[in-house]
Amino acid sequence: MTTADTPGHGPLSGVRVVELAGIGPGPFAAMLLADLGADVVRVDRPGGSSLAIDPDFDVTNRGKRSVVLDLKAPEGPARVLDLAARADVLIEGYRPGVAERLGVGPEACHARNARLVYGRMTGWGQDGPLAHRAGHDIAYIALTGTLGMIGAPDTPPPAPANLLGDYAGGSLYLVVGVLAALHHARATGSGQVVDAAIVDGTAHLSAMLHGMLAAGGWQDRRAANLLDGGCPYYGTYETADGRYMAVGALEPQFYDEFVDLLGLTGDLRAARKDWTRWGELREAVAARFKARTRDEWTARFEGSDACVAPVLSLREAPHHPHLAARGTFTDHGGITQPAPAPRFSATPTAVRGAPARPGADTGAVARDWDVPRLLDPARPTPETSLPDPH
(Lines give C-alpha, C1' and ligand atoms only; values in the text may rest on other atoms or scores of the structure.)
Protein backbone atom coordinates (compact mmCIF):
# COMPACT_ATOMS: atom_id res chain seq x y z
CA MET A 1 0.00 0.00 0.00
CA THR A 2 1.13 3.54 -0.72
CA THR A 3 0.66 6.51 1.57
CA ALA A 4 -1.04 9.56 0.07
CA ASP A 5 0.95 12.60 1.17
CA THR A 6 1.78 14.56 -1.98
CA PRO A 7 -1.31 16.04 -3.65
CA GLY A 8 -1.54 15.47 -7.38
CA HIS A 9 -2.97 17.99 -9.79
CA GLY A 10 -4.73 15.70 -12.23
CA PRO A 11 -6.10 16.34 -15.72
CA LEU A 12 -9.12 18.31 -14.42
CA SER A 13 -7.04 20.87 -12.53
CA GLY A 14 -8.77 24.25 -12.88
CA VAL A 15 -12.25 22.77 -13.44
CA ARG A 16 -14.80 23.97 -10.88
CA VAL A 17 -17.65 21.69 -9.80
CA VAL A 18 -20.63 22.40 -7.55
CA GLU A 19 -22.14 19.30 -5.96
CA LEU A 20 -25.56 19.61 -4.34
CA ALA A 21 -25.30 17.11 -1.49
CA GLY A 22 -27.05 13.77 -1.76
CA ILE A 23 -26.26 10.10 -1.20
CA GLY A 24 -24.98 7.29 -3.39
CA PRO A 25 -24.05 7.88 -7.03
CA GLY A 26 -23.93 11.69 -6.99
CA PRO A 27 -21.25 11.96 -4.27
CA PHE A 28 -19.25 9.14 -5.86
CA ALA A 29 -19.30 10.89 -9.25
CA ALA A 30 -18.16 14.13 -7.62
CA MET A 31 -15.42 12.22 -5.77
CA LEU A 32 -14.15 10.88 -9.09
CA LEU A 33 -14.04 14.41 -10.51
CA ALA A 34 -12.15 15.56 -7.40
CA ASP A 35 -9.75 12.62 -7.75
CA LEU A 36 -9.06 13.80 -11.29
CA GLY A 37 -8.10 17.25 -10.02
CA ALA A 38 -11.33 19.27 -10.15
CA ASP A 39 -12.10 21.80 -7.42
CA VAL A 40 -15.32 20.29 -6.08
CA VAL A 41 -17.42 22.36 -3.69
CA ARG A 42 -20.09 20.30 -1.98
CA VAL A 43 -23.17 22.22 -0.87
CA ASP A 44 -24.22 20.39 2.28
CA ARG A 45 -27.64 20.80 3.84
CA PRO A 46 -28.07 21.69 7.50
CA GLY A 47 -28.33 18.50 9.53
CA GLY A 48 -27.03 16.24 6.75
CA SER A 49 -28.77 13.12 5.42
CA SER A 50 -30.48 10.32 7.33
CA LEU A 51 -28.26 7.75 5.54
CA ALA A 52 -25.02 9.68 5.86
CA ILE A 53 -22.05 8.15 7.67
CA ASP A 54 -19.67 9.95 10.02
CA PRO A 55 -18.16 12.74 7.84
CA ASP A 56 -14.65 11.80 8.99
CA PHE A 57 -14.99 8.41 7.29
CA ASP A 58 -17.02 9.29 4.19
CA VAL A 59 -14.35 8.61 1.59
CA THR A 60 -16.70 9.71 -1.22
CA ASN A 61 -16.18 13.27 0.06
CA ARG A 62 -12.38 13.13 -0.12
CA GLY A 63 -10.60 15.94 -1.92
CA LYS A 64 -13.69 18.17 -1.85
CA ARG A 65 -14.53 21.38 -0.02
CA SER A 66 -17.82 22.00 1.76
CA VAL A 67 -20.17 24.86 2.44
CA VAL A 68 -23.51 24.55 4.23
CA LEU A 69 -26.53 26.23 2.65
CA ASP A 70 -30.22 25.83 3.40
CA LEU A 71 -31.91 25.78 0.00
CA LYS A 72 -35.27 26.25 1.70
CA ALA A 73 -34.13 29.49 3.33
CA PRO A 74 -34.82 32.74 1.42
CA GLU A 75 -31.17 33.37 0.60
CA GLY A 76 -30.14 29.73 -0.02
CA PRO A 77 -30.91 29.38 -3.75
CA ALA A 78 -29.25 32.71 -4.54
CA ARG A 79 -26.02 31.54 -2.92
CA VAL A 80 -26.06 28.35 -5.02
CA LEU A 81 -26.60 30.44 -8.15
CA ASP A 82 -23.61 32.57 -7.13
CA LEU A 83 -21.51 29.40 -7.12
CA ALA A 84 -23.03 28.15 -10.37
CA ALA A 85 -22.12 31.45 -12.04
CA ARG A 86 -18.45 30.67 -11.42
CA ALA A 87 -18.53 26.91 -12.00
CA ASP A 88 -17.95 24.67 -15.00
CA VAL A 89 -20.16 21.83 -13.73
CA LEU A 90 -23.07 21.43 -11.30
CA ILE A 91 -24.26 18.01 -10.12
CA GLU A 92 -27.57 17.30 -8.39
CA GLY A 93 -29.40 14.10 -7.52
CA TYR A 94 -32.91 15.26 -6.64
CA ARG A 95 -36.13 13.80 -8.01
CA PRO A 96 -37.25 15.48 -11.25
CA GLY A 97 -38.61 18.98 -10.64
CA VAL A 98 -37.19 19.43 -7.13
CA ALA A 99 -34.23 21.57 -8.21
CA GLU A 100 -36.60 23.75 -10.23
CA ARG A 101 -38.91 24.22 -7.24
CA LEU A 102 -35.92 25.16 -5.10
CA GLY A 103 -34.86 27.75 -7.67
CA VAL A 104 -31.61 26.07 -8.71
CA GLY A 105 -32.74 24.15 -11.80
CA PRO A 106 -31.03 24.27 -15.19
CA GLU A 107 -32.91 27.32 -16.46
CA ALA A 108 -32.01 29.42 -13.41
CA CYS A 109 -28.38 28.27 -13.49
CA HIS A 110 -27.95 28.81 -17.22
CA ALA A 111 -29.37 32.31 -16.87
CA ARG A 112 -26.32 33.04 -14.71
CA ASN A 113 -23.82 30.90 -16.63
CA ALA A 114 -24.65 29.82 -20.18
CA ARG A 115 -21.69 27.46 -20.44
CA LEU A 116 -22.49 25.48 -17.28
CA VAL A 117 -22.72 21.70 -17.59
CA TYR A 118 -25.71 20.70 -15.45
CA GLY A 119 -25.47 17.02 -14.43
CA ARG A 120 -28.61 15.29 -13.17
CA MET A 121 -28.25 11.94 -11.37
CA THR A 122 -31.40 9.87 -10.84
CA GLY A 123 -32.48 6.25 -10.77
CA TRP A 124 -35.43 6.40 -13.16
CA GLY A 125 -34.42 9.43 -15.28
CA GLN A 126 -36.02 12.81 -15.82
CA ASP A 127 -39.09 11.41 -17.61
CA GLY A 128 -41.14 8.23 -17.92
CA PRO A 129 -43.91 6.72 -15.77
CA LEU A 130 -41.60 6.05 -12.80
CA ALA A 131 -39.62 9.28 -12.93
CA HIS A 132 -41.14 10.69 -9.75
CA ARG A 133 -41.12 7.45 -7.77
CA ALA A 134 -38.71 6.71 -4.95
CA GLY A 135 -36.21 3.93 -5.46
CA HIS A 136 -32.77 2.54 -4.74
CA ASP A 137 -30.10 0.66 -6.67
CA ILE A 138 -31.68 -2.78 -6.36
CA ALA A 139 -35.01 -1.68 -7.85
CA TYR A 140 -33.35 0.08 -10.77
CA ILE A 141 -31.19 -2.88 -11.77
CA ALA A 142 -34.15 -5.25 -11.30
CA LEU A 143 -36.06 -3.62 -14.16
CA THR A 144 -33.08 -3.61 -16.53
CA GLY A 145 -32.71 -7.41 -16.54
CA THR A 146 -29.21 -7.27 -15.03
CA LEU A 147 -30.20 -8.30 -11.50
CA GLY A 148 -32.11 -11.25 -12.93
CA MET A 149 -28.92 -12.60 -14.50
CA ILE A 150 -27.09 -13.00 -11.19
CA GLY A 151 -27.06 -16.04 -8.90
CA ALA A 152 -28.13 -19.65 -8.88
CA PRO A 153 -31.39 -20.54 -10.64
CA ASP A 154 -32.98 -22.07 -7.54
CA THR A 155 -32.36 -19.09 -5.21
CA PRO A 156 -33.41 -15.42 -5.28
CA PRO A 157 -30.97 -13.14 -7.11
CA PRO A 158 -28.47 -11.77 -4.56
CA ALA A 159 -28.08 -8.05 -3.88
CA PRO A 160 -24.71 -7.05 -5.45
CA ALA A 161 -24.13 -4.24 -2.92
CA ASN A 162 -24.81 -0.98 -4.78
CA LEU A 163 -21.94 -1.32 -7.21
CA LEU A 164 -23.74 -2.37 -10.38
CA GLY A 165 -26.50 0.27 -10.37
CA ASP A 166 -25.46 3.27 -8.29
CA TYR A 167 -21.81 3.36 -9.25
CA ALA A 168 -21.31 1.50 -12.54
CA GLY A 169 -24.63 2.34 -14.19
CA GLY A 170 -25.01 5.68 -12.42
CA SER A 171 -21.89 7.54 -11.30
CA LEU A 172 -19.62 6.48 -14.14
CA TYR A 173 -22.18 7.37 -16.80
CA LEU A 174 -22.75 10.75 -15.16
CA VAL A 175 -19.01 11.45 -15.23
CA VAL A 176 -18.70 10.35 -18.87
CA GLY A 177 -21.63 12.60 -19.77
CA VAL A 178 -20.30 15.55 -17.80
CA LEU A 179 -16.86 15.32 -19.39
CA ALA A 180 -18.33 15.03 -22.90
CA ALA A 181 -20.60 18.02 -22.26
CA LEU A 182 -17.67 19.96 -20.79
CA HIS A 183 -15.70 19.34 -23.98
CA HIS A 184 -18.66 20.61 -26.00
CA ALA A 185 -19.08 23.67 -23.77
CA ARG A 186 -15.44 24.64 -24.16
CA ALA A 187 -15.65 24.24 -27.92
CA THR A 188 -18.93 26.13 -28.37
CA GLY A 189 -19.49 28.23 -25.25
CA SER A 190 -22.82 26.51 -24.64
CA GLY A 191 -23.61 24.34 -21.65
CA GLN A 192 -26.29 21.69 -21.49
CA VAL A 193 -28.13 19.28 -19.21
CA VAL A 194 -26.82 15.73 -18.74
CA ASP A 195 -29.62 13.31 -17.79
CA ALA A 196 -27.85 10.31 -16.23
CA ALA A 197 -30.32 7.62 -15.16
CA ILE A 198 -29.22 4.43 -13.45
CA VAL A 199 -31.70 2.40 -15.50
CA ASP A 200 -30.15 3.73 -18.72
CA GLY A 201 -26.54 3.19 -17.67
CA THR A 202 -27.11 -0.28 -16.23
CA ALA A 203 -28.99 -1.37 -19.35
CA HIS A 204 -26.15 0.01 -21.47
CA LEU A 205 -23.68 -2.15 -19.57
CA SER A 206 -25.47 -5.25 -20.86
CA ALA A 207 -25.01 -4.33 -24.55
CA MET A 208 -22.78 -7.32 -25.34
CA LEU A 209 -25.20 -9.75 -23.71
CA HIS A 210 -28.14 -8.41 -25.73
CA GLY A 211 -26.12 -9.05 -28.86
CA MET A 212 -25.35 -12.58 -27.72
CA LEU A 213 -29.02 -13.11 -26.85
CA ALA A 214 -30.10 -12.01 -30.33
CA ALA A 215 -27.50 -14.29 -31.91
CA GLY A 216 -28.62 -17.29 -29.89
CA GLY A 217 -25.42 -17.37 -27.86
CA TRP A 218 -27.03 -16.45 -24.54
CA GLN A 219 -29.96 -18.10 -22.78
CA ASP A 220 -32.33 -15.73 -20.98
CA ARG A 221 -32.08 -17.57 -17.68
CA ARG A 222 -29.62 -17.70 -14.83
CA ALA A 223 -26.58 -19.95 -14.52
CA ALA A 224 -26.97 -21.32 -18.05
CA ASN A 225 -24.30 -19.35 -19.88
CA LEU A 226 -20.59 -18.87 -20.24
CA LEU A 227 -20.26 -15.87 -17.92
CA ASP A 228 -23.08 -16.23 -15.38
CA GLY A 229 -21.97 -19.28 -13.40
CA GLY A 230 -23.41 -21.84 -15.76
CA CYS A 231 -19.99 -22.72 -17.12
CA PRO A 232 -17.94 -24.90 -14.71
CA TYR A 233 -14.65 -23.25 -15.65
CA TYR A 234 -15.96 -19.70 -15.04
CA GLY A 235 -17.18 -19.31 -11.49
CA THR A 236 -16.26 -19.66 -7.83
CA TYR A 237 -15.57 -22.71 -5.68
CA GLU A 238 -15.37 -23.31 -1.94
CA THR A 239 -12.10 -24.52 -0.45
CA ALA A 240 -11.35 -26.76 2.54
CA ASP A 241 -11.27 -23.82 4.96
CA GLY A 242 -14.60 -22.34 3.88
CA ARG A 243 -13.07 -19.71 1.62
CA TYR A 244 -13.30 -19.42 -2.16
CA MET A 245 -11.32 -19.47 -5.37
CA ALA A 246 -12.38 -17.74 -8.61
CA VAL A 247 -11.88 -19.50 -11.94
CA GLY A 248 -11.96 -17.87 -15.39
CA ALA A 249 -10.22 -20.43 -17.62
CA LEU A 250 -12.24 -19.71 -20.76
CA GLU A 251 -9.73 -20.10 -23.58
CA PRO A 252 -8.47 -23.63 -24.45
CA GLN A 253 -4.87 -22.99 -23.45
CA PHE A 254 -5.92 -21.55 -20.08
CA TYR A 255 -8.35 -24.40 -19.53
CA ASP A 256 -5.66 -26.99 -20.21
CA GLU A 257 -3.35 -25.39 -17.65
CA PHE A 258 -6.21 -25.14 -15.18
CA VAL A 259 -7.17 -28.82 -15.28
CA ASP A 260 -3.51 -29.87 -15.10
CA LEU A 261 -2.78 -27.79 -11.99
CA LEU A 262 -6.12 -28.72 -10.41
CA GLY A 263 -5.24 -32.38 -10.85
CA LEU A 264 -8.29 -33.53 -12.77
CA THR A 265 -7.97 -37.03 -14.17
CA GLY A 266 -9.76 -39.14 -16.74
CA ASP A 267 -11.49 -37.74 -19.79
CA LEU A 268 -12.87 -34.63 -18.08
CA ARG A 269 -10.63 -32.41 -20.22
CA ALA A 270 -12.93 -33.13 -23.15
CA ALA A 271 -15.98 -31.92 -21.19
CA ARG A 272 -15.00 -28.32 -21.86
CA LYS A 273 -16.94 -28.22 -25.13
CA ASP A 274 -19.71 -30.62 -24.15
CA TRP A 275 -22.29 -28.66 -22.14
CA THR A 276 -24.20 -31.90 -21.43
CA ARG A 277 -21.26 -32.88 -19.21
CA TRP A 278 -20.89 -29.51 -17.48
CA GLY A 279 -22.66 -30.81 -14.38
CA GLU A 280 -20.20 -33.70 -14.12
CA LEU A 281 -17.26 -31.38 -14.67
CA ARG A 282 -18.50 -28.91 -12.06
CA GLU A 283 -18.83 -31.64 -9.43
CA ALA A 284 -15.29 -32.83 -10.11
CA VAL A 285 -13.85 -29.31 -9.94
CA ALA A 286 -15.75 -28.60 -6.71
CA ALA A 287 -14.46 -31.80 -5.11
CA ARG A 288 -10.88 -30.95 -6.00
CA PHE A 289 -11.09 -27.42 -4.56
CA LYS A 290 -12.63 -28.77 -1.33
CA ALA A 291 -9.53 -30.90 -0.82
CA ARG A 292 -7.20 -27.97 -0.02
CA THR A 293 -7.35 -24.57 1.64
CA ARG A 294 -7.59 -21.31 -0.25
CA ASP A 295 -3.97 -20.45 0.50
CA GLU A 296 -2.80 -23.85 -0.68
CA TRP A 297 -4.65 -23.44 -3.97
CA THR A 298 -3.35 -19.87 -4.32
CA ALA A 299 0.19 -21.19 -4.03
CA ARG A 300 -0.60 -24.01 -6.46
CA PHE A 301 -1.78 -21.63 -9.20
CA GLU A 302 0.80 -18.92 -8.47
CA GLY A 303 2.66 -17.82 -11.60
CA SER A 304 0.39 -19.76 -13.97
CA ASP A 305 -1.90 -18.69 -16.80
CA ALA A 306 -4.76 -20.81 -15.50
CA CYS A 307 -6.77 -17.63 -14.69
CA VAL A 308 -7.44 -18.63 -11.08
CA ALA A 309 -7.37 -16.22 -8.13
CA PRO A 310 -8.33 -16.26 -4.44
CA VAL A 311 -11.54 -14.44 -3.47
CA LEU A 312 -10.33 -11.81 -1.01
CA SER A 313 -12.23 -9.74 1.53
CA LEU A 314 -12.22 -5.94 1.65
CA ARG A 315 -9.62 -6.00 4.43
CA GLU A 316 -7.45 -8.57 2.65
CA ALA A 317 -7.40 -6.95 -0.79
CA PRO A 318 -5.01 -4.03 -0.03
CA HIS A 319 -2.35 -6.49 1.10
CA HIS A 320 -2.28 -8.62 -2.03
CA PRO A 321 1.25 -8.38 -3.49
CA HIS A 322 0.11 -7.19 -6.92
CA LEU A 323 -2.26 -4.52 -5.61
CA ALA A 324 0.32 -3.40 -3.05
CA ALA A 325 2.99 -3.09 -5.74
CA ARG A 326 0.72 -0.97 -7.93
CA GLY A 327 -0.55 1.16 -5.05
CA THR A 328 -4.13 0.25 -5.91
CA PHE A 329 -5.05 1.14 -2.34
CA THR A 330 -3.71 4.02 -0.30
CA ASP A 331 -3.71 5.24 3.29
CA HIS A 332 -4.88 8.78 3.94
CA GLY A 333 -5.87 10.21 7.30
CA GLY A 334 -5.79 6.76 8.85
CA ILE A 335 -8.28 5.34 6.35
CA THR A 336 -7.32 2.60 3.89
CA GLN A 337 -9.13 3.35 0.64
CA PRO A 338 -8.89 2.80 -3.12
CA ALA A 339 -6.45 5.15 -4.82
CA PRO A 340 -7.71 7.36 -7.66
CA ALA A 341 -8.18 5.63 -11.01
CA PRO A 342 -7.38 5.58 -13.88
CA ARG A 343 -3.76 6.71 -14.07
CA PHE A 344 -2.23 9.44 -16.21
CA SER A 345 1.33 9.77 -17.48
CA ALA A 346 1.45 13.59 -17.65
CA THR A 347 -1.09 14.65 -15.02
CA PRO A 348 -0.83 12.19 -12.11
CA THR A 349 -3.56 12.06 -9.51
CA ALA A 350 -3.59 11.39 -5.78
CA VAL A 351 -5.93 11.67 -2.82
CA ARG A 352 -5.72 15.41 -2.20
CA GLY A 353 -7.48 15.71 1.11
CA ALA A 354 -9.50 14.07 3.84
CA PRO A 355 -13.30 13.85 3.58
CA ALA A 356 -14.77 17.33 3.64
CA ARG A 357 -16.44 18.29 6.90
CA PRO A 358 -19.78 20.06 6.32
CA GLY A 359 -19.29 23.82 6.21
CA ALA A 360 -15.59 23.74 7.04
CA ASP A 361 -14.45 25.47 3.85
CA THR A 362 -16.91 28.34 3.54
CA GLY A 363 -14.32 31.08 4.00
CA ALA A 364 -11.82 29.56 1.58
CA VAL A 365 -14.46 28.95 -1.10
CA ALA A 366 -15.85 32.48 -0.72
CA ARG A 367 -12.35 33.85 -1.29
CA ASP A 368 -11.17 31.49 -4.03
CA TRP A 369 -14.38 31.60 -6.04
CA ASP A 370 -15.01 35.30 -5.31
CA VAL A 371 -18.42 34.67 -3.77
CA PRO A 372 -18.43 36.96 -0.70
CA ARG A 373 -22.15 36.44 -0.15
CA LEU A 374 -21.35 32.97 1.20
CA LEU A 375 -20.03 34.77 4.30
CA ASP A 376 -22.81 37.35 4.40
CA PRO A 377 -26.08 35.62 3.53
CA ALA A 378 -28.06 38.82 4.11
CA ARG A 379 -26.13 40.68 1.43
CA PRO A 380 -28.35 41.23 -1.63
CA THR A 381 -27.66 39.35 -4.84
CA PRO A 382 -27.51 41.24 -8.15
CA GLU A 383 -30.01 40.18 -10.76
CA THR A 384 -27.23 39.27 -13.15
CA SER A 385 -23.67 38.19 -12.64
CA LEU A 386 -21.04 37.36 -15.20
CA PRO A 387 -19.25 34.04 -14.82
CA ASP A 388 -15.72 34.18 -13.59
CA PRO A 389 -13.39 33.73 -16.64
CA HIS A 390 -11.08 31.26 -14.86
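Remember, predicted model here, so these are calculated numbers, not experimental data.
Within the 4.5 Å cutoff, no side-chain heavy atoms of Arg45 are placed close to those of Leu71. Within the 4.5 Å cutoff, the side chain of Arg272 has heavy atoms near those of the Pro252 side chain. Arg288 places none of its side-chain heavy atoms less than 4.5 Å from the side chain of Val285. Side chains of Glu280 and Leu268 form a contact here, defined as non-hydrogen atoms less than 4.5 Å apart. A heavy-atom distance below 4.5 Å is found between the side chains of Met121 and Ile198. The shortest distance between side-chain heavy atoms of Tyr94 and Thr122 does not fall below 4.5 Å. Annotation: side chain of Ile150 is in contact with side chain of Pro160 (closest heavy-atom distance under 4.5 Å). A heavy-atom distance below 4.5 Å is not found between the side chains of Val15 and Leu33.
Contact record, Met245 with Pro310: SD-CA, 3.7 Å, taken as the closest heavy-atom pair. Considering all non-hydrogen atoms of both residues, Phe258 and Ala249 come closest at CB-CB, 3.8 Å. The shortest non-hydrogen separation linking Ala271 to Arg277 is CB-CB, 3.9 Å. Closest approach of Arg95 and Ala134 over heavy atoms only: NH2-CB, 3.3 Å. Nearest heavy atoms, Thr146 versus Ser206: CG2-CB, 4.1 Å. Nearest heavy-atom pair, Val68 versus Thr362, reported as atom, atom and distance to 0.1 Å: N-OG1, 4.3 Å.
When atom types are taken as modelled, the side chain of Glu19 and the backbone of Ala21 share no donor-acceptor pair closer than 3.5 angstrom. In this structure, Asn61 contributes its side chain and Ala356 its backbone to no donor-acceptor pair below 3.5 Å. A donor-acceptor pair under 3.5 Å is formed between the side chain of Gln337 and the backbone N or O of Ile335. Under the 3.5 Å distance criterion, the side-chain polar atoms of Arg243 are left unmatched by any main-chain donor or acceptor of Thr293. No donor-acceptor pair closer than 3.5 Å links the side chain of Thr202 to the backbone N or O of Gly170. At distances below 3.5 Å, at least one donor-acceptor pair connects side-chain atoms of Asp228 with backbone N or O atoms of Ala223. Between the side chain of Arg86 and the backbone N or O of Trp369, at least one donor-acceptor pair lies under 3.5 Å. Under the 3.5 Å distance criterion, the side-chain polar atoms of Tyr140 are matched with a main-chain donor or acceptor of Gly135. Judged by distance alone, with hydrogens and angles left aside, the side-chain atoms of Ser66 form a donor-acceptor pair with the main-chain N or O of Gly359 at under 3.5 Å. No donor-acceptor pair closer than 3.5 Å links the side chain of Ser13 to the backbone N or O of Gly10.
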* Asked: side chain to side chain contact (heavy atoms under 4.5 Å, CB included) between Leu182 and Asp88: does it pass, once the steps are laid out?
  -> CA-CA 7 Å; Leu182 184 61; Asp88 299 288; 4.0 Å; yes
* Steps toward side chain to side chain contact (heavy atoms under 4.5 Å, CB included) verdict (Leu147, Ile138) -> CA-CA 8 Å; Leu147 178 61; Ile138 197 164; 3.9 Å; yes
* To do: Check step by step if side chain to side chain contact (heavy atoms under 4.5 Å, CB included) holds for Leu209 and Met212.
  => CA-CA 5 Å; Leu209 302 183; Met212 294 174 68; 4.0 Å; yes
* Asked: Does the pair Tyr118 and His110 meet the rule for a side-chain hydrogen bond (donor to acceptor under 3.5 Å, both in side chains), with working shown?
  -> CA-CA 9 Å; Tyr118 194 102; His110 283 141; over 6 Å; no
* Asked: Hey, mind stepping through Arg294 and Asp241 against salt bridge (charged side-chain N to carboxylate O under 4.0 Å, His left out) and telling me if it holds?
  -> CA-CA 7 Å; Arg294 187 191 68 178; Asp241 54 349; 5.5 Å; no
* **Leu226/Tyr234 under side chain to side chain contact (heavy atoms under 4.5 Å, CB included): CA gap, chis, key distance, verdict** => CA-CA 7 Å; Leu226 194 65; Tyr234 193 92; 5.7 Å; no
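Of the charged side-chain nitrogens involved, none lies within less than 4.0 Å of a carboxylate oxygen, so that Arg120 and Asp195 do not count as a salt-bridged pair. Arg62 and Asp35 are joined by a salt bridge, as a carboxylate oxygen and a charged side-chain nitrogen come within less than 4.0 angstrom of each other.
In the hydrophobic cluster analysis, where Ile, Leu, Val, Met, Phe, Trp and Tyr join through side-chain heavy atoms closer than 4.5 angstrom, Val175 is grouped together with Phe344. Val193 is connected to Leu90 through a chain of hydrophobic side-chain contacts under 4.5 Å among Ile, Leu, Val, Met, Phe, Trp and Tyr, so both are in one cluster. Note on Met149 and Met208: same hydrophobic cluster, where clusters join Ile, Leu, Val, Met, Phe, Trp and Tyr whose side-chain heavy atoms are under 4.5 Å apart, directly or indirectly. Note on Met31: it clusters hydrophobically with Leu163, by side-chain heavy-atom contacts below 4.5 Å among ILVMFWY residues. If you chain together hydrophobic residues whose side chains sit under 4.5 Å apart, Leu12 and Tyr173 never meet in one group.
To the nearest 0.5 angstrom, Tyr255 atom OH is 11.5 Å from Leu250 atom CG. In this structure, Leu32 CG and Thr349 OG1 are separated by 9.5 Å, a value rounded to the nearest 0.5 Å. The line from CG of Leu174 to CG of Leu179 is 9.0 Å long, rounded to the nearest 0.5 Å. Separation of atoms CG (Leu164) and OG1 (Thr144) is listed at 7.0 Å; rounding is to 0.5 Å. Atoms CG and CG, from Leu205 and Asp200 in turn, are 11.0 Å apart once rounded to the nearest 0.5 Å. Rounded to the nearest 0.5 angstrom, Ile141 CD1 and Asp137 CG are separated by 5.0 Å.
Between Trp297 and Phe289, the ring planes are perpendicular. Angles over 60° get that label, and only those under 30° would be called parallel.
Within 6.0 Å of the CZ atom in Phe254, the count of heavy atoms belonging to other residues, nucleotides or ligands exceeds 12. Other residues, nucleotides and ligands contribute only 12 or fewer heavy atoms inside 6.0 Å of the CD atom of Glu107. Within 6.0 Å of CZ in Arg343 there are more than 12 heavy atoms belonging to other residues, nucleotides or ligands.
Partner of Tyr233 under the side-chain contact (heavy atoms from CB on, under 4.5 Å) criterion, chosen from Leu262, Leu281, Val308, Val259: Leu281. Considering Asp44, Asp368, Asp361 as possible partners of Arg65, the one that fulfils the salt bridge (Lys or Arg N to Asp or Glu O under 4.0 Å) test is Asp368.
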